[in-house]
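Report on one structure; see the data block that follows.
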There are 2 protein chains.
Amino acid sequence: MLVNINTHRRPVDGHLAALAGERVLCSEHRYRRGTEIFGEDEDAEYVYQITAGAVRTHKLLADGRRQINAFHLPGDMFGFENGSSHRFTAEAIIETSVRIMRRGSIIEATESRTGGTRSLLRLVTQNLQHAEDHMLLLGRKTALERVATFLVEMDARLGQPQLMALPMSRRDIADYLGLTLETVSRALSTLRDQNLLRFEGTTQRRIELLRRKELAQL
Amino acid sequence: MLVNINTHRRPVDGHLAALAGERVLCSEHRYRRGTEIFGEDEDAEYVYQITAGAVRTHKLLADGRRQINAFHLPGDMFGFENGSSHRFTAEAIIETSVRIMRRGSIIEATESRTGGTRSLLRLVTQNLQHAEDHMLLLGRKTALERVATFLVEMDARLGQPQLMALPMSRRDIADYLGLTLETVSRALSTLRDQNLLRFEGTTQRRIELLRRKELAQL
DNA sequence: CGAACCCTTGACTTGAATCAACATAGGTGG
DNA sequence: CCACCTATGTTGATTCAAGTCAAGGGTTCG
């Protein structure tokens with residue numbers, strides 16, 4: 001099975017047709033919040049680059065326990081860190097636009113441009129590095145340390161904005177950090193009480209980091 | 001700094017000289033149990049293949065908490081999953097022999113042989129896959145599930161021998177699984193009491209798996 | 001032979017999970 | 001625009017899985 005056309009989560013037919021042609025190497029597509037972009041064990045036919053929005057990738061255990069491997073933000077590419085078939089599920093966290101490319105054409109492109117798959121190798125190596133750091137977090141850090149690490153990571157990836165607008169819910173953060181959503185909420189409250197951060201306005205997803213250094217050295 | 005000659009953990013001068021020459025592309029070296037092969041943040045000058053023994057790679061937090069990323073067994077290569085500098089420390093678990101190659105020559109070799117860095121890419125991708133599976137374990141599995149998963153993994157990698165001789169201590173297993181050594185010991189005792197495994201003889205590192213299927217479906 | 005590990009087991013503690021209640025936001029349709 | 005509903009987030013009370021502390025036996029190795 002190459003493509004499962006009768007599900008809403010696949011690129012629409014028009015995009016497939018375009019991608020199948022010779023001229024068009026990539027195509028834009030939009031996903032509503034909460035929709036699946038690809039599933040675990042599906043063929044890795046396409047590679048994705050986010051132009052707007054945010055994506056989470058996760059694995060599930062049989063009884064529903066979820067581990068989020070990574071969050072992807074605008075500019076990030078994802079979907080090829082895999083082998084030929086996806087090893088996890090990707091979902092749009094919020095309304096998200098992605099540029100979709102055929103996997104094969106990407107590999108050929110990077111190969112001819114750099115005289116090898118080196119840039120691809122670099123991307124996979126970056127993913128590996130992130131995974132290694134995350135294993136240390138999951139295996140050995142306390143709840144407060146995990147949440148602080150998460151905030152510092154997001155802050156850096158968003159370019160240290162004055163105000164950080166997190167796209168993901170407390171549950172997503174929890175499943176990324178190997179915690180429960182209550183524990184994440186409590187840790188954030190603790191950090192707020194220690195004046196390390198501030199919630200902006202009424203929605204709790206807008207956070208201002210007040211003392212980045214102290215947060216980082218947890 | 002390319003090579004820190006005055007530490008015992010580096011290849012001896014003879015090997016360095018040989019590696020520097022044109023003819024010899026690789027060299028054999030032996031490490032006593034517990035000795036460091038390379039350290040975190042060192043230059044990744046060499047790539048290693050184990051011919052006998054076992055190696056662990058780990059990261060440390062400032063206060064000494066340790067997370068073991070992976071165990072390496074005979075036949076395994078390690079040391080280039082990194083970028084140009086090592087992102088963790090590698091140590092011999094037991095008396096270990098490794099084949100040492102210059103990193104550069106490996107990359108060239110794989111490139112010329114396969115018309116690209118594809119085989120290298122495959123190796124890094126395998127590492128990434130392992131890391132992703134391990135994140136699920138560390139983030140979401142119970143102690144018993146972690147130990148069972150560990151046993152099944154080792155069993156498979158050792159070729160499902162009738163009797164499995166683990167090279168690593170309970171502490172190593174604990175630091176790999178994000179547990180304490182006591183919890184690992186208790187989990188093993190529980191599995192023994194459930195007749196899922198058996199300790200062979202007096203040393204507790206020889207284990208016979210009695211019902212692999214039931215162990216695997218935890 | 002002694003010393004340093006290694007492993008197991010028991011008793012107790014604790015950090016995070018679970019269970020529960022409540023507040024608020026945001027989306028939908030009347 | 002409002003009323004409703006669901007999803008989201010916080011906080012408190014309680015439980016529990018794993019950690020910590022402690023003791024004792026066994027093995028290995030210099």
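All chains are named by letter (A, B, ...) in the order of the sequence lines, taking the proteins before the strands, and each is independently numbered beginning at 1. Nothing here was measured: the structure is a model prediction, and the numbers come from that model. Reckoned from all heavy atoms, side chains included, excluding hydrogens, waters and symmetry mates.
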So, using side-chain contact (heavy atoms from CB on, under 4.5 Å) as the criterion, who are the partners of B:V152 when residues are at least two apart?
B:L215, B:A216
Check: [Y] and [X] side chains under 4.5 Å, non-hydrogen atoms:
| X | Y | answer |
| --- | --- | --- |
| A:E42 | A:E36 | yes |
| B:F88 | B:H58 | no |
| A:T89 | A:T57 | no |

Spacing of [X] atom [atom1] relative to [N] atom [atom2], expressed in whole Å:
| X | N | atom1 | atom2 | answer |
| --- | --- | --- | --- | --- |
| B:I94 | D:dC29 | CD1 | C1' | 16 Å |
| B:R205 | C:dT8 | CZ | P | 10 Å |
| A:R206 | D:dT8 | CZ | C1' | 16 Å |
| A:L191 | D:dT11 | CG | C1' | 16 Å |
| B:Q204 | D:dT28 | CD | C1' | 14 Å |
| B:F199 | D:dG25 | CZ | C1' | 15 Å |
| A:R140 | C:dG15 | CZ | P | 16 Å |
| A:L144 | C:dT14 | CG | P | 18 Å |

Regarding A:T51 and A:E28, do their side chains bring together a donor and an acceptor under 3.5 Å, going by distance alone?
yes
Partner residues of A:R56 under the side-chain hydrogen bond (donor to acceptor under 3.5 Å, both in side chains) criterion, sequence neighbours left out:
A:E91, A:D172
Sorted by number, residues from residues 164-171 of chain B placing a heavy atom under 4.0 Å from DNA chain C are B:S169, B:R170
Under the salt bridge (Lys or Arg N to Asp or Glu O under 4.0 Å) test, residues paired with A:K141 that sit two or more places apart
none
Partners meeting salt bridge (Lys or Arg N to Asp or Glu O under 4.0 Å) with A:D41 (sequence neighbours left out):
none
Do NZ/NE/NH1/NH2 and the carboxylate oxygens of B:E95 and B:R32 come within less than 4.0 Å?
no
Closer than 4.0 angstrom, basic N to acidic O: yes or no for A:R87 and B:E132?
yes
Atom pair OG1 (B:T96) and OH (B:Y31), whose distance is rounded to the nearest 0.5 Å:
10.0 Å
Got a second to check how far A:L138's CG is from B:L137's CG, nearest 0.5 Å?
10.0 Å
What side chain to side chain donor-acceptor pair (under 3.5 Å) pairs are there with at least one residue in residues 68-79 of chain A, not counting sequence neighbours?
A:D76-A:R157
Using the side chain to side chain donor-acceptor pair (under 3.5 Å) rule, collect all pairs that involve residues 205-218 of chain B, keeping only residues at least two apart or in two chains.
B:D155-B:R212, B:Q162-B:E208, B:R198-B:E208, B:R211-B:E214
Quick one: which protein N/O atoms are closer than 3.5 Å to N/O atoms of nucleotides 22-28 of chain C? Pair and distance per line, please.
{"unit_1": "C:dA25", "atom_1": "OP1", "unit_2": "A:T202", "atom_2": "OG1", "d": "2.1"}

Regarding A:R146, tell me which of base, sugar-phosphate or nothing describes its non-hydrogen contacts under 4.0 Å with the strands shown.
nothing
Going by heavy atoms closer than 4.0 Å, what residues in residues 57-71 of chain B are next to DNA chain D?
none
Does anything in residues 175-188 of chain A reach DNA chain D, meaning a heavy atom under 4.0 Å, and if so which residues?
A:L181, A:E182, A:S185, A:R186
Passes side chain to side chain contact (heavy atoms under 4.5 Å, CB included), B:L209 versus B:M164? Steps please.
CA-CA 8 Å; B:L209 302 188; B:M164 175 162 60; 4.0 Å; yes
In degrees, rounded to 10°, what is the bend between the two ends of the helix from C:dC1-D:dG30 to C:dG30-D:dC1, using five pairs at each?
50°
Would you give me the side-chain donor-acceptor pairs under 3.5 Å for residues 173-193 of chain B, sequence neighbours excluded?
{"unit_1": "B:D175", "atom_1": "OD1", "unit_2": "A:R140", "atom_2": "NH2", "d": "2.8"}
{"unit_1": "B:D175", "atom_1": "OD2", "unit_2": "B:R66", "atom_2": "NE", "d": "2.6"}
{"unit_1": "B:D175", "atom_1": "OD2", "unit_2": "B:R66", "atom_2": "NH2", "d": "2.8"}
{"unit_1": "B:Y176", "atom_1": "OH", "unit_2": "B:H130", "atom_2": "NE2", "d": "3.0"}
{"unit_1": "B:Y176", "atom_1": "OH", "unit_2": "B:E153", "atom_2": "OE1", "d": "2.8"}
{"unit_1": "B:Y176", "atom_1": "OH", "unit_2": "B:E153", "atom_2": "OE2", "d": "3.2"}
{"unit_1": "B:T180", "atom_1": "OG1", "unit_2": "B:T183", "atom_2": "N", "d": "3.3"}
{"unit_1": "B:T180", "atom_1": "OG1", "unit_2": "B:T183", "atom_2": "OG1", "d": "3.0"}
{"unit_1": "B:S189", "atom_1": "OG", "unit_2": "B:S185", "atom_2": "O", "d": "3.1"}
{"unit_1": "B:T190", "atom_1": "OG1", "unit_2": "B:R186", "atom_2": "O", "d": "2.9"}

